[in-house]
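Side-chain atoms are counted along with the backbone in the values below, which use heavy atoms only and exclude waters and symmetry mates.
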Amino acid sequence: MKIEFAPLNIPLRRRLQTAAVLQWVFSFLALAQCCLAAFVLLALSDWWIVALLYAGWLWLDWDTPTSGGRRSHWIRSWTVWDYFRDYFPLTLVKTVDLDPKKNYIFGFHPHGVLVAGAFGNFCTEATGFSQLFPGLRSHLLMLPFWFRVPFFRDYIMCGGLVSSSKSSLSHLVSRPEGGNVAVIAVGGAPEALDARPGALTLQVKNRKGFIKLALKHGAQLVPVFSFGENELFDQMENPVGSPLRRLQNRLQNIMGLSIPLFHARGVFQYSFGLIPYRTPVHTVGTPHTQLIPEHENLVEPGGTKLFVSDWKSILVSVGKPIPVSQTPCPSSEDIERLHSVYLQSLTELFEQHKKAYGRGEQQHLTFI
């Protein structure tokens with residue numbers, strides 16, 4: 001294999017961008033293991049009392065990830081995230097005000113390998129979320145497993161990450177004062193196994209739990225599509241039914257985590273490695289409210305309510321909010337109806353903006 005090395009005269013700014021993304025990849029793939037090892041070594045050392053005190057703190061703080069987490073504006077505003085943003089690049093562009101007195105569920109698609117678009121926009125202030133949407137607090141939902149890892153849990157909560165459990169989502173979107181944004185990578189870990197350039201298959205047909213909670217608590221739904229998310233990494237071929245895919249599915253069933261075998265570029269060369277490609281990520285979304293169960297004809301497209309993230313600062317107009325009404329005990333018909341509206345809105349969102357973000361006319365979303 002021919003290796004293409006990076007030029008020696010690359011500006012320092014670009015080197016810093018690569019370093020910022022490198023630490024992010026390390027945090028995603030190995031920081032939890034390092035934190036767990038550090039805790040075990042601490043417990044076995046002469047400083048075991050520190051580990052004991054932390055264990056006591058962990059017991060007292062156990063429910064925090066399901067109770068809104070513990071955000072740190074200081075950590076979310078680190079300069080390293082500015083370099084992370086500029087690597088791809090990634091920009092959040094506001095086109096309409098969102099009412100801070102309401103709660104929102106942002107359905108993020110596609111999951112991608114490492115959910116870079118969701119992290120950059122909603123777990124850091126690099127794209128100015130708090131300034132663009134004053135009064136709103138973004139929370140990215142993550143598998144509960146990670147919040148059991150000592151030290152690591154405290155770090156990720158500082159970015160606004162919270163548990164993806166039902167109680168956690170309910171806590172966020174049931175706050176009467178509003179102002180909470182729960183961001184859900186709807187396809188979850190299984191969708192990561194299909195994340196590769198050009199992939200447009202979304203695992204959403206049977207994902208209805210967030211729809212039920214949106215109805216129950218009256219939270220507004222915001223379909224979000226991240227153009228470029230699947231282009232950040234290549235992945236080994238693992239078609240459904242292949243030995244590799246069966247192994248990945250088995251490991252996922254055991255551990256609750258998917259293990260995509262991905263690759264992209266390196267730090268000093270462009271031929272192989274785990275650093276994502278420098279591919280612009282455009283995250284486009286449209287606020288929607290829940291469907292009033294007793295009405296049948298409320299799905300007319302049109303209007304201009306949305307938010308957009310794109311590297312060219314292009315403003316995009318997408319769907320009109322659907323009229324809302326809180327349904328404390330939604331029936332299966334209510335859930336199916338709103339789920340259908342959600343899928344239709346997501347499809348319209350993609351179809352309306354695909355040309356602007358490099359997708360062909362013949363490319364369409366596939367729901368499984």
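Put simply, CG on Leu41 and CH2 on Trp47 are 15.0 Å apart, with the number rounded to the nearest 0.5 Å. Once rounded to the nearest 0.5 Å, the distance linking CZ of Phe106 with CG of Leu221 reads 10.5 Å. With values rounded to the nearest 0.5 angstrom, Leu143 atom CG is found 8.5 Å from Ser258 atom OG.
Val186 approaches Gly107 most closely through the heavy-atom pair CG2-CA, 3.8 Å. Across all non-hydrogen atoms, the minimal contact from Ala6 to Arg15 is CB-NH1, 4.3 Å. Between Asn103 and Gly179 the shortest heavy-atom distance is OD1-N, 3.4 Å. Pairing each heavy atom of Gln17 with each of Tyr83, the nearest pair is CG-O, 3.5 Å.
Considering Arg137, His171, Lys102, Arg175 as possible partners of Asn180, the one that fulfils the side-chain hydrogen bond (donor to acceptor under 3.5 Å, both in side chains) test is Arg137. Considering Trp78, Phe28, Phe119 in turn, Phe119 is the only one that fulfils the ring-ring contact (aromatic ring centres under 6.0 Å, His included) rule with Phe84. Each of Asn230, Asp234, Asn238 was checked for a side-chain hydrogen bond (donor to acceptor under 3.5 Å, both in side chains) with Arg196, and the lone residue meeting it is Asn238.
A donor atom on one side chain and an acceptor atom on the other are not found under 3.5 Å apart for Asp334 and Thr327. Looking only at atom types and distance, the side chain of Ser130 has a donor-acceptor partner in the side chain of Glu125 under 3.5 Å away. For the residue pair Gln248/Gln252, the side-chain donor-acceptor check at 3.5 Å is not satisfied.
Between Glu336 and Lys205 there is no salt bridge, since no side-chain nitrogen of the basic residue lies less than 4.0 Å from a carboxylate oxygen of the acidic one. Salt bridge status for Arg70 with Asp154: present, with a side-chain N to carboxylate O gap under 4.0 Å. Ion pair Lys101/Glu177 not flagged as a salt bridge, since none of the NZ, NE, NH1 or NH2 atoms sits closer than 4.0 Å to an Asp/Glu carboxylate oxygen. Between Arg153 and Asp61 there is a salt bridge, with a side-chain nitrogen of the basic residue lying less than 4.0 Å from a carboxylate oxygen of the acidic one.
One hydrophobic cluster holds both Trp74 and Leu140 under the rule that ILVMFWY side chains link at heavy-atom gaps under 4.5 Å. Leu36 and Trp62 are assigned to two separate hydrophobic clusters, defined by single-linkage of ILVMFWY side chains at heavy-atom distances under 4.5 Å.
Aromatic rings from Phe210 and Tyr342 are positioned such that their centres are separated by under 6.0 Å. Aromatic ring centres of Phe108 and Phe225 lie farther apart than the 6.0 Å criterion allows. Side-chain rings of Phe152 and Phe147 stay apart, their centers remaining 6.0 Å or farther from each other.
Judged by distance alone, the side chain of Gln269 and the main-chain N or O of Phe272 form a donor-acceptor pair under 3.5 Å.
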Full working for salt bridge (charged side-chain N to carboxylate O under 4.0 Å, His left out) between Asp86 and Arg278: CA-CA 9 Å; Asp86 295 338; Arg278 285 182 180 268; over 6 Å; no

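Side-chain heavy-atom separations under 4.5 angstrom define the hydrophobic clusters, and the remaining members of the one that includes Trp59 are Leu60.
For Glu333, there are no salt bridge (Lys or Arg N to Asp or Glu O under 4.0 Å) partners at least two apart in sequence or on another chain.
Under the 30°/60° scheme for interplanar angles, the aromatic rings of Phe151 and Phe39 are found to stand perpendicular.
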